[in-house]
Amino acid sequence: MKLLFDESVPRRLANSFPDRFETKTVTDMEWSGVDNGRLLDIAARAGFKALITVDKNMAHQQNPNTLPIAIIILSPLFTRINFLTPLVPEVISILEDNPGKRLIRIPDGES
């Protein structure tokens with residue numbers, strides 16, 4: 001399953017995902033600076049199933065009824081890798097249950 005990490009997500013988080021997930025960053029794909037609506041469209045056309053982000057504003061910027069792929073918003077207390085890594089098992093569980101094209105927030109219980 002192909003996952004796209006937004007520019008705000010540390011690249012090292014990919015190391016926390018099993019090999020069955022193909023992870024790329026927006027930078028890897030040379031899509032830096034592309035506005036979110038367009039980014040979601042081109043990601044869907046490229047075969048990505050979900051965008052992983054820490055951009056909490058994304059929920060207010062996108063219409064959840066017209067999403068071309070799932071958006072998973074990670075909402076830890078801080079966006080450093082040691083706060084994001086514990087959220088990965090929940091991300092994997094959601095992805096394995098086929099999230100469809102919806103917006104999902106994953107808090108850490110403290111945010």
Flag, side chain of S93 to backbone of P89, donor-acceptor distance under 3.5 Å: no
Any donor-acceptor pair under 3.5 Å from D41 side chain to R38 backbone: no
Residues V34, V26; criterion side-chain contact (heavy atoms from CB on, under 4.5 Å); working and verdict: CA-CA 9 Å; V34 174; V26 168; over 6 Å; no
Answer with yes or no whether the hydrophobic clustering places L3 together with I42; edges join I, L, V, M, F, W, Y residues whose side-chain heavy atoms lie under 4.5 Å apart. no
E30 CD: over 12 foreign heavy atoms closer than 6.0 Å: no
From E22 atom CD to M1 atom CE, the distance as rounded to the nearest 0.5 Å: 12.0 Å
Testing D28, T27, T23 one by one against R11 for a side-chain hydrogen bond (donor to acceptor under 3.5 Å, both in side chains), which residue passes? D28
Would a single hydrophobic cluster contain both L87 and L95, if residues Ile, Leu, Val, Met, Phe, Trp and Tyr are joined by side-chain heavy-atom contacts under 4.5 Å? yes
Going from CZ on R12 to OG1 on T85, what distance comes out if it is rounded to the nearest 0.5 angstrom? 7.5 Å
Heavy-atom nearest pair, R105 first then A59, reads NH2-CB, 3.1 Å
Any side-chain heavy atom of L4 sitting closer than 4.5 Å to one from L39? yes
Nearest-0.5 Å distance, CG of residue L84 to OG of residue S16: 9.0 Å
Which pairs would a plain distance check flag for residues 45-54, meaning a side-chain donor or acceptor within less than 3.5 Å of a matching protein atom at least two apart in sequence or in another chain?
from: T53; atom 1: OG1; to: D6; atom 2: OD2; distance (Å): 2.7
from: T53; atom 1: OG1; to: D55; atom 2: N; distance (Å): 3.0

same_hphob_cluster(L13, I72) at 4.5 Å side-chain heavy-atom cutoff: yes
Working for side chain to side chain donor-acceptor pair (under 3.5 Å), residues E7 and T25: CA-CA 7 Å; E7 293 172 286; T25 66; over 6 Å; no
ILVMFWY network linking V91 to L103, side-chain heavy atoms under 4.5 angstrom: no
Are I92 and I71 connected in the hydrophobic side-chain network, where two residues link if heavy atoms are under 4.5 Å apart? no
Going through the distances and angles, do V88 and L74 end up as a side-chain contact (heavy atoms from CB on, under 4.5 Å)? CA-CA 9 Å; V88 170; L74 304 179; over 6 Å; no
In Å and rounded to the nearest 0.5 Å, what is the CG to CG distance from L40 to L67? 6.5 Å
For P76 and K56, work out which heavy atoms get closest and say how close. O-NZ, 4.0 Å
Taking the side chain as every heavy atom from C-beta outward, state whether K101 and I69 have any atom pair closer than 4.5 Å. no
Exercise: identify the closest heavy-atom pair between P99 and I94: CD-O, 3.5 Å
For residues T79 and S8, determine if any side-chain heavy atom of one lies less than 4.5 Å from a side-chain heavy atom of the other. no
Within 45° of the axis and under 6.0 Å from the centre of the six-membered ring of F83, does NZ or CZ of R80 qualify? no
I want to check something: taking the side chain as every heavy atom from C-beta on, are M58 and H60 in contact at a cut-off of under 4.5 Å? no
